[in-house]
Amino acid sequence: MEIMKKKVFMAELFYDLIFVVAISKMTHLLHHLYNGVIEPLNYFKYFITVVSWINVWMIQAVFNNRYGDDDTMDQLFLYFNVFLLVYLLNFTSENFREVFFDYNLLIVIITFSQMAQYVRQLFKRKKEAHASLIISFVYIFLIKIIFIGIGIIVPYDIGLFLVVIGTLVAWLLPLAFIKPMKKYPVNLPNLVERITLLIIIAFGEAVTGIIPYFKTSSLITTFLIFSSVVSLFYFYKTYFDDIINTDNPNSTGVALIYLHYLILIGVEGLTVTIDFINEPNLIINNVFLVSFLYAGLCLFYSGIFLHYQYNKETHRFNRHCIIQHYIILLIGFLTSLYFKDNHFLILAITTAIVVFAALNIWNFIRNK
């Protein structure tokens, strides 16, 4: 069965512009250190913010993929959501308590808006497969609205718990509705195009982060950091351009969506590490710096390798090669840990590893 080509609408690209700024704001949440490390609680706040924002983007992307006609109502919904998201940007802050009510009230309104889009489709689509799937999403939206809505009107300590539960439950609940999703699969080429665009935006933030390195007094450091970012992007781009099979008319796209959270968080972690390395007056625990750097690399590569179910039959990965990749990462981590006080050497070791990975995937494609 041939998959009909579904183009990305201009209104969707306009909608994406908000997420260029949002990703920058989310990355900034990780810049606050306490005793030289990012506190676990602060990282959890960052994680919840990422889930909150990116879940809004993913829901809209999947809706447009399945039901978007780019008609007047579709566009009006998108523009209204952009209006709300611009407000949400102002309340995306590490000071959770101060922005708690306003931020989550906007999330509730945005969720109502997205639910209204689905309810509208319930009356437009007559097939049972559509009705079952749409109602499933409406239930998810209602659960999210109830938990977060109650959370913003009760005392903060209780409300925070309800908001976190509502955000995580609504994020994970689609996994329980894979069966109705299979009745009406996604347009996989379109979804891949949309989600890879989100990661390109994250890489754009990484490029912005390396700008301070571009000085004539540090050409070698500049070359190393630029080579690292380009190698990581090349690895990602090559995988999604040449290795995965988008000619799958029965895909729900669920794995693609959730695995990209790993990739996105990995890229953002690497972006933050780049900033940390470039700040000579920053007091940072070097063991934490190395650990955070390699945790980001591990998330990034794992998020890609776990897409193996989408690989073309002719491009299946050899398990030995994947194990070898992680062994090299482990060696790099231990070596960098040994030289933890030398940031230049850490950068050189990391660059060698990611360039080697890029060359490996280039060689893999060339031999197919």
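Along the sequence shown, the residues carry numbers beginning at 1. Just the heavy atoms: all of them, side chains too, but no hydrogens, waters or symmetry mates, feed the values below.
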Q: So, does Lys25 use its side chain to make a donor-acceptor pair with the main chain of Leu89 at under 3.5 Å?
A: yes

Q: For residues 158-166, please give each side-chain donor-acceptor pair under 3.5 Å, one per line with the distance, not counting sequence neighbours.
A:
none

Q: Considering only residues two or more places apart or on different chains, which pairs with a residue in residues 344-353 satisfy salt bridge (charged side-chain N to carboxylate O under 4.0 Å, His left out)?
A: none

Q: Applying salt bridge (charged side-chain N to carboxylate O under 4.0 Å, His left out), can you list everything that pairs with Glu193, at least two apart in sequence or on another chain?
A: none

Q: Which atom pairs, donor and acceptor, lie under 3.5 Å between side-chain atoms of residues 263-270 and protein residues at least two apart or in another chain?
A:
from: Glu268; atom 1: OE1; to: Tyr46; atom 2: OH; distance (Å): 2.4
from: Glu268; atom 1: OE2; to: Thr27; atom 2: OG1; distance (Å): 3.3

Q: Donor-acceptor check, side chain of Asn367 to backbone of Asn363, threshold 3.5 angstrom: yes or no?
A: yes

Q: Please answer whether the main-chain N or O of His315 pairs with a side-chain N or O of Asn311 as donor and acceptor at a distance below 3.5 Å.
A: yes

Q: I'd like to know if Val21 and Leu78 are part of one continuous hydrophobic network [Ile/Leu/Val/Met/Phe/Trp/Tyr, side-chain heavy atoms within less than 4.5 Å].
A: yes

Q: May I ask you to decide if Gly204's main-chain N or O and Thr208's side chain share a donor-acceptor pair within less than 3.5 Å?
A: yes

Q: By the salt bridge (charged side-chain N to carboxylate O under 4.0 Å, His left out) test, which pairs, at least two apart or in different chains, include something from residues 316-339?
A: Glu313-Arg316

Q: Are the aromatic ring centres of Phe100 and Phe96 under 6.0 angstrom apart?
A: no

Q: Let me have the donor-acceptor pairs involving side chains of residues 219-227, under 3.5 Å, with sequence neighbours excluded, atom names and distances please.
A:
from: Thr222; atom 1: OG1; to: Tyr213; atom 2: O; distance (Å): 2.4
from: Thr222; atom 1: OG1; to: Ser218; atom 2: O; distance (Å): 2.8
from: Ser227; atom 1: OG; to: Phe223; atom 2: O; distance (Å): 2.7

Q: Under the 3.5 angstrom rule, does the side chain of Lys144 hit a backbone N or O of Ile107 as a donor-acceptor pair?
A: no

Q: Determine, using the 4.5 Å side-chain heavy-atom cutoff (strictly less than), whether Val254 and Val62 are members of one ILVMFWY cluster.
A: yes

Q: Should Asp247 and Lys312 be marked as a salt bridge (charged side-chain N to carboxylate O under 4.0 Å, His left out) after you check the CA-CA gap, both sets of side-chain angles, and the distance that decides it?
A: CA-CA 9 Å; Asp247 187 22; Lys312 296 173 183 174; over 6 Å; no

Q: Strictly distance-based, threshold 3.5 Å: is any side-chain N or O of Asn95 a donor or acceptor partner for the main-chain N or O of Glu98?
A: no

Q: Atom CG of Leu30 and atom NZ of Lys45: how far apart are they, to the nearest 0.5 Å?
A: 12.5 Å

Q: Quick one: side chain to side chain donor-acceptor pair (under 3.5 Å) partners of Arg66, sequence neighbours excluded?
A: none

Q: Are any non-hydrogen side-chain atoms of Pro174 and Ile140 less than 4.5 angstrom apart?
A: yes

Q: Taking His260 for its side chain and Leu256 for its backbone only, find out whether a donor-acceptor pair lies under 3.5 Å.
A: yes

Q: Which residues pass the salt bridge (charged side-chain N to carboxylate O under 4.0 Å, His left out) test with Lys237, not counting sequence neighbours?
A: Asp241

Q: Same hydrophobic cluster for Val37 and Phe47, using side-chain heavy-atom links shorter than 4.5 Å among ILVMFWY?
A: yes

Q: Donor-acceptor check, side chain of Tyr294 to backbone of Gly332, threshold 3.5 angstrom: yes or no?
A: yes

Q: Working to the nearest 0.5 angstrom, can you tell me the gap between Leu297 CG and Phe292 CZ?
A: 11.0 Å

Q: Set out, in order, the CA-CA distance, both residues' side-chain angles and the distance that settles side chain to side chain contact (heavy atoms under 4.5 Å, CB included) for Phe364 and Cys321, then state yes or no.
A: CA-CA 10 Å; Phe364 177 79; Cys321 292; over 6 Å; no

Q: Counting distance only, does the side-chain N/O of Ser113 pair as donor-acceptor with the main-chain N or O of Ile109 below 3.5 Å?
A: no

Q: Looking at Phe83 versus Tyr87, is the centre-to-centre ring distance below 6.0 Å?
A: yes

Q: Please collect all side-chain hydrogen bond (donor to acceptor under 3.5 Å, both in side chains) contacts where either partner lies in residues 168-180, sequence neighbours excluded, each pair once.
A: Trp171-Tyr261

Q: Which salt bridge (charged side-chain N to carboxylate O under 4.0 Å, His left out) pairs, counting each pair once, include a residue from residues 70-83, with sequence neighbours left out?
A: Asp71-Arg120, Asp71-Lys124, Asp74-Arg120

Q: Could you verify whether a donor N or O on one side chain and an acceptor N or O on the other, from Asn187 and Asn65, lie under 3.5 Å apart?
A: no

Q: Return the set of residues passing side chain to side chain donor-acceptor pair (under 3.5 Å) with Ser228 (not counting sequence neighbours), or none when no residue passes.
A: Thr351

Q: How long is the gap from CG on Leu142 to CD1 on Ile135, to the nearest 0.5 Å?
A: 11.5 Å

Q: Between side-chain atoms of residues 301-308 and protein atoms elsewhere (two or more places apart, or another chain), which donor-acceptor pairs fall under 3.5 Å?
A:
from: Ser302; atom 1: OG; to: Cys298; atom 2: O; distance (Å): 2.7
from: Ser302; atom 1: OG; to: Tyr326; atom 2: OH; distance (Å): 2.7
from: His307; atom 1: ND1; to: Gly303; atom 2: O; distance (Å): 2.6

Q: Out of the candidates Val50, Thr49, Val56, only one should pair with Trp53 under the side-chain contact (heavy atoms from CB on, under 4.5 Å) rule; please name it.
A: Thr49

Q: Under a plain distance cut-off of 3.5 Å, with no hydrogens placed, do Asp275 and His31 share a side-chain donor-acceptor pair?
A: yes

